[in-house]
Amino acid sequence: MELWYTEEQTDNIRFGVKVKRHLFTNQSDFQKVDVMDCFELGRTLTLDGLMMVNEKDEFIYHDMIVHVPLATNPEIKRVLVIGGGDGGTVRELCRYEGIEKIDMVEIDKMVVDVSREYLQFTACALDDERVTLYFEDGIEFVKDKVACYDLILVDSTDPIGPGEGLFTVDFYSDCFKALTDNGILVNQNESPYYDQFSHEFKRAHAKINKIFPVSKVYQFHMPTYPSGHWLFGFASKGLDPVDNEGIEKWNELGLKTRYYNTDIHRGAFALPTYVKEMMKDE
Ligand code: SAM
């Protein structure tokens, strides 16, 4: 008998993955947490039935959320990760010797516990001595922080449930305050392709654009997310991720990556016309 995981990506689009074994399922205080072993994707984490992380393509997302800001500002020392419960973002951050402190604020301890047990490929650096885990709401955590982080990465779920408040003007304003003068904010910015995702993308970008002097969007190919066309927001108080001679210096670090390179760094900010139009809409 065949077992399939089907994700309702929109009301009219479904995504199906053949499952070898269903390894874990439980309901936390925040969401339904499932881990499966899939034929094509390997170990796979879903939250409320939505694809979060899988062995096959997580490298793309975690390369692009970390190496773009680190190539833009190689002086980054203090990082705040909001969400990121699978640990993949922290894993990539820990590859930088210059980073001194990583605070990861994940609202749901069950996600971290499950990732430590079943997703060692992403959770492997959570015990790095520079990492401090807080099982709290990132929205509250950032409220009283002033100029104490060089980088904030919002590695969150979609703007529903606990993730909803991570897409608000108040939250982005609190992030602005929590960042140093050379601070950078990278946020999960959904997708331009299906209406329900492009609606959130436009709203998030319009809010960030009002708060940060530099506010751009970059794209990457994420096969198992709805449409495969996914976006991160890049905002800063002055540092530009493209008009920046320093980007190529990243190559001197000798970090081996499977997706990120300094060519795709620059290319990711070159957006399709329809996406650029959306950024003007709001
Ligand atoms: N890195 C994966 C990806 O590719 O998108 C998924 C990121 S991680 C699994 C998303 C995390 O955000 C979840 O573990 C969820 O519990 C967490 N989260 C959602 N809302 C949050 C909030 N308000 N504060 C802290 N963490 C939150």
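Ligands are counted one by one from 1 in listed order, and the atoms in each one are counted from 1 as well. Just so it is clear, the structure is predicted and the values come from calculations on it, not from any experiment. Nothing fancy with the numbering, it's 1 onward along the sequence.
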Non-hydrogen atoms of [X] versus ligand 1: any pair closer than 4.0 Å?
| X | answer |
| --- | --- |
| His62 | yes |
| Phe141 | no |
| Ser156 | yes |
| Glu136 | yes |
| Gln31 | yes |
| Phe30 | no |

Kindly confirm or rule out an N or O of [X] lying under 3.5 angstrom from an N or O of ligand 1.
| X | value |
| --- | --- |
| Gly84 | no |
| Ile107 | yes |
| Asp155 | yes |
| Met52 | yes |

Go through ligand 1 atom by atom and flag the ones less than 4.0 Å from a non-hydrogen atom of [X].
| X | value |
| --- | --- |
| Asp108 | 16 (O) |
| Gly83 | 11 (C), 12 (O), 17 (C), 26 (N) |
| Val53 | 2 (C) |
| Val111 | 14 (O) |
| Val105 | 25 (C), 26 (N) |

Over-ring placement of Lys237 relative to Phe212, 6.0 Å and 45° cut-offs: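 Output no; distance or angle outside limits.
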Pi-cation contact, Phe234 with Lys216 (under 6.0 Å, within 45°): no
Identify, for [atom], the protein heavy atom at the shortest distance, and state residue, atom and that distance.
| atom | answer |
| --- | --- |
| atom 11 (C) of ligand 1 | Glu106 OE1, 3.4 Å |
| atom 9 (C) of ligand 1 | Asp86 OD1, 3.7 Å |
| atom 24 (N) of ligand 1 | Gly138 N, 2.9 Å |

Expected output: side-chain [X] to main-chain [Y] donor-acceptor under 3.5 Å:
| X | Y | value |
| --- | --- | --- |
| Thr224 | Met222 | no |
| Arg95 | Lys256 | yes |
| Tyr172 | Lys210 | no |

So with a 6.0 Å cut-off around [atom1] of [X], is the heavy-atom count from everything else above 12?
| X | atom1 | answer |
| --- | --- | --- |
| Glu40 | CD | no |
| Asp195 | CG | no |
| Tyr193 | OH | no |
| Lys56 | NZ | no |
| Glu97 | CD | no |

Between CD on residue Glu55 and CG on residue Leu45, distance to nearest 0.5 Å: 12.0 Å
For ligand 1, is any non-hydrogen atom under 4.0 Å from [X]'s backbone (N, CA, C, O), its side chain (CB onward), both, or neither?
| X | answer |
| --- | --- |
| Tyr225 | side chain |
| Leu47 | side chain |
| Asp137 | both |

Distance-minimising heavy-atom pair for Asp34 and His22: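 Scanning both residues, the minimum pair turns out to be OD1-NE2, 2.7 Å.
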